[in-house]
Amino acid sequence: MTGAPETDIDEADLVVGQPTDHVAGPKAVAIALKRAATQMGPARATRALTALNQVDGFDCQGCAWPDPEHRHKAEFCENGAKAVAEEATGRLIGAEFFAAHPLESLRTRTDHWLGQQGRVAEPMVLRPGESHYTPITWDDAFALIGEELRGLASPDEAIFYTSGKTSNEAAFCYQLFARAFGTNNLPDCSNMCHESTSVALGETIGIGKGSVSLEDVHTAELIVVAGQNPGTNHPRMLSALEQAKRNGARIVSINPLREAGLVRFKNPQHPRGVVGRGTVLADLHVPVRVNGDLALFRGIAARLLEWDALDRAFIDTHTHGFDEYAELLRAVDWAELERGSGLSVEQITEVAEFFRDSKATVLCWAMGLTQHRNSVAVIAEVVNLALLQGNIGKPGAGLCPVRGHSNVQGDRTMGIWERPPAAFLDALAAEFGIEPPREHGYSTVEAIAALRDDRARVFIGMGGNFVAAAPDTVATEAAMARADLTVHVSTKLNRSHVVTGRTALILPALGRSERDLTGGREQRVTVEDSMSAVHASRGPLTPASPHLRSEVDIVCSIAEATLGDDSSLPWSQFRADYSRIRQSIGRVVPGAAAYAEKVDVPGGFVMPHPPRDTRTFPTALGKAVFTASPVEILDVPEGRLLLQTLRSHDQFNTTIYGLDDRYRGVKGGRRVIFVHPDDVTALGFADGDLVDLTSEWLDGSERSAPSFRIVSYQQPRGCAAAYYPETNPLVPLESVALGSQTPTSKSVIIRLTAAADQTPLVQRWP
Ligand SMILES: Nc1nc2c(c(=O)[nH]1)N[C@H]1C(S)=C(S)[C@@H](COP(=O)(O)OP(=O)(O)OC[C@H]3O[C@@H](n4cnc5c(=O)[nH]c(N)nc54)[C@H](O)[C@@H]3O)O[C@H]1N2
Ligand SMILES: Nc1nc2c(c(=O)[nH]1)N[C@H]1C(S)=C(S)[C@@H](COP(=O)(O)OP(=O)(O)OC[C@H]3O[C@@H](n4cnc5c(=O)[nH]c(N)nc54)[C@H](O)[C@@H]3O)O[C@H]1N2
Ligand SMILES: [Mo]
């Protein structure tokens, strides 16, 4: 079955209207069902959607927002349904497709086109110098990988990347294999995502995870949503916010853009949402300047100290470093905070009053805070705010980093981490009798540099779309092309399959919606959500093709083919029965004792979190730590804009579902740049002009991305926004957050010039 578009995106069809003030409602339901039915057919769609997020069903492949205890019959959102449709599509591509499309032509296609072709049906290989991918048997593919890995001068010449959809079982096997092979080169999408959160929380509260439950969100007095667009990226969070609102909560949104979801929400699962005007969620929208959050938070903290709106008992008993921090607060330079945040003292004070008047505050954040040069300091400042009022480890309060990929948190728990804690490696050694390497491995940006400098020769990707998601597209693609072997375990075709090493493999995996009969029995996997709740997931659908294998099977087979008979590791037992993997997880992973038994309980269990559970802070000092960081202001030179790169309503990261960004009023195109109307004029342009974007980096180097339409859009002066991944070529590999190495995708200094070519770019890769 095909039916995918033959031609590529034509940006000439772009239409821009008004942004909307409400989200979801019946229109979202209709769109979700239509997408699902077109891609899957009505029977398969019904089957999939009725099992989505149900206790005995499968976990949504979309975001990591948790499932409520009392589930609706339709416990999913528009974008969750799109994610399922994307995976469970009836379109299939196999040998014939690859014979008809030489690599050279696939390279000119956009990620949208590649993804729309369908599920990859069988393993494919691209041999050195050949023009086409051709079929390969699974055994030959595994043998090829094993031979290549064994031939490396050092295990550190191999890179084992993970995207955050991988199940806990597959992730655990994958990291075990990498370490038995001899390297900690386990970068993951987290390095580009919430790493700044993990680092900041690790340093300040002793554990790199959020401290709230869904119940806390429901019962909070104040919920702050900073740098996050839940209406698009975590739509089910809106139901939780709506419930909180009904319980009397107030909501503050801190965002350069007035994102529609927080303005008015029509809950499609609720009769009022279908017929009424919906609920106004945000009581206050704070239009902070891009990267202005630290200045804003510092000002709020200064006011709280001034008003003595502090939880002194909590500070005295549970924290360290208050005096030094308080000194900073007493000395704040308000003019500097105004300049840094782009807000007036009155605006900052108004937000502070919301904090002062709340006895239980939940602080939520996502990419708007994590992808800047000083992101670790920004998030440490969020923690400072929470500590001042004792908002950790009490009902209705806490830190709520909202994760992206559905199992990104679980993958890290399972040991997908280039800097594993010693205790984890000790436990791995004790369980399996291996001697895991102790030196840290490469993060995502270090992996790219290693490929570029020929220090790495083999790249294996467990899901994801490494070259499109990573920064500095031109440099990253050139680095990837230097590899001897690139392997992608994937469901759908993407850019990383067509920008390859000398030899390349595509290994098609079962998706989460599909029945997994590995080892001749019905297998389940487990995942962990953003609030540390772990539960089982089991797909109901017949696999897209009989040749697909589970990620667990693929990892175990690569391990056997690489480590051979020398290895006493139980790969075949793992593959035959995943509960055997869960038993090992229970013995190795901290806090996961009796894992295999606990995930058998319907609904699963919650991983321990000492600050949340008992106000115990496992830091070096045994207390939560106040951080006194300087307020650094990113100065943007005259005539330049500060660009943040974000998601449209019609994509999941590099997977482009369609070309509309309904809530922001954009239809039929993605190459747009949102600019304040006065900046448009001041820069000598008009709404709708076609411009090229050029980024300017400290070392004087420049990078460009051609052909974007200017869309006048309300936001603080001097800021701009455009979609990722089209803008990734603008972000230098070296431009990373201090301490976390997260690419600074939300702080890119650019200038606009009239497009050199005034015909809109039809294909992204000329
Ligand atoms: N449908 C869908 N769902 C998704 C994804 C998807 O692509 N599509 N991706 C998943 C993944 S991996 C992730 S990590 C999450 C991402 O979820 P989000 O973090 O919501 O994603 P972004 O689109 O990057 O949006 C960042 C938000 O921060 C704001 N922002 C930008 N810069 C700043 C700043 O300096 N300060 C403040 N206060 N705000 C700022 C932007 O205006 C925008 O509203 O979503 C997950 N869920
Ligand atoms: N400029 C800029 N860059 C960014 C960001 C940004 O905001 N701005 N955000 C960053 C963030 S937050 C993230 S998380 C990364 C995302 O980086 P990645 O996680 O690497 O990218 P995705 O686009 O989510 O990967 C999509 C691919 O995963 C494969 N896939 C999907 N489902 C499955 C499955 O079940 N199994 C397997 N094996 N494969 C599957 C499909 O082949 C699909 O093409 O991008 C980062 N890059
Ligand atoms: Mo992410």
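What you see is a predicted model, and the numbers here were worked out from it, not measured in a lab. The analysis underlying the following values was restricted to heavy atoms, covering all of them including side chains, and did not include hydrogens, waters or symmetry mates. Just follow the structure's listing: the first ligand is 1, and inside any ligand the first atom is 1.
- Every heavy atom of Gly62 sits 4.0 Å or more from the atoms of ligand 1.
- Between Ala469 and ligand 2, an N or O atom pair is found at a separation short of 3.5 Å.
- The residue from Val120, Asp111, Thr491 that puts a heavy atom closest to atom 41 (C) of ligand 2 is Thr491.
- Close to ligand 2: Val489, with a non-hydrogen atom less than 4.0 angstrom away.
- Checked against a 3.5 angstrom limit, the closest N/O atoms of Gly464 and ligand 2 fall inside it.
- The protein heavy-atom contact nearest to atom 18 (P) of ligand 1 is Asn233 ND2, 3.4 Å.
- Polar contact check, Met462 against ligand 2: no nitrogen or oxygen pair lies under 3.5 Å apart.
- Backbone and side-chain nitrogen or oxygen atoms of Glu551 are examined, and one is located within less than 3.5 angstrom of a nitrogen or oxygen of ligand 2.
- The side chain of Asn494, and not its backbone, has at least one atom closer than 4.0 Å to an atom of ligand 2 (non-hydrogen atoms only; side chain from C-beta on).
- When heavy-atom distances to ligand 1 are checked against a 4.0 Å cut-off, Asn653 comes that close through both its backbone and its side chain.
- Expressed to the nearest 0.5 Å, how far OG of Ser196 lies from CE of Met367 amounts to 8.5 Å.
- For the pair Arg512 and Phe58, the NZ or CZ position fails the cation-pi test of under 6.0 Å to the six-membered ring centre and within 45 degrees of the ring normal.
- Assignment of Lys746 to the shell around ligand 2 is supported, since a heavy atom sits closer than 4.0 Å.
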Go through it in stages, so that I can follow the logic: the residues are Glu87 and Lys492, the test is salt bridge (Lys or Arg N to Asp or Glu O under 4.0 Å), and I'd like the CA-CA distance, side-chain angles, deciding distance and then a yes or no.
CA-CA 8 Å; Glu87 174 181 301; Lys492 305 287 287 280; over 6 Å; no
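- Closest to atom 42 (O) of ligand 1, if we only count protein heavy atoms, is Asn255 OD1, 2.7 Å.
- Side chains of Gln39 and Glu86: no donor on one and acceptor on the other come within 3.5 Å.
- The heavy atom nearest to atom 3 (N) of ligand 2, considering only Phe652, Tyr724, Tyr723, Tyr161, is found in Tyr724.
- With hydrogens left out, the protein atom closest to atom 14 (S) of ligand 1 is Cys193 SG, 3.2 Å, a heavy atom.
- Neither the backbone nor the side chain of His488 comes within 4.0 Å of ligand 2, counting heavy atoms alone.
- Looking at Thr645 next to ligand 2, an N or O pair under 3.5 Å apart turns up.
- Contact annotation for Asp293 and ligand 1: only side-chain heavy atoms (C-beta onward) come within less than 4.0 Å of the ligand.
- Counting only non-hydrogen atoms, the option in His405, Arg647, Arg119 that gets closest to atom 12 (S) of ligand 2 is Arg647.
- A distance of 6.0 Å or more separates the ring centres of Phe160 and Phe459.
- When non-hydrogen atoms are compared, ligand 1 lies under 4.0 Å from the backbone of Met367 as well as from its side chain.
- Under 4.0 Å from ligand 1, the heavy atoms of Asn79 that appear belong solely to its side chain.
- Between the CG atom in Leu510 and the CG atom in Asp553 there is a gap of 8.5 Å [rounded to 0.5 Å].
- A salt bridge links Arg495 to Glu477: one of the charged nitrogens lies within less than 4.0 Å of a carboxylate oxygen.
- Nearest protein heavy-atom contact of atom 21 (O) of ligand 2 is Asn465 N, 3.6 Å.
- Of the protein's non-hydrogen atoms, the one nearest atom 32 (N) of ligand 2 is Lys165 CD, 3.2 Å.
- Residue His234 touches ligand 1 through its side chain alone, judged by heavy-atom distances below 4.0 Å.
- For the 3.5 Å distance criterion, the side chains of Gln523 and Thr518 fail to qualify, holding no donor opposite an acceptor.
- Residue contacts with ligand 1: His372 is included, with a non-hydrogen atom under 4.0 Å away.
- Under 4.0 Å is where a charged nitrogen must lie from a carboxylate oxygen, and between Lys82 and Asp650 at least one such pair does.
- Ring to ring, Phe652 and Tyr657 are not that close: their centroids are 6.0 angstrom or more apart.
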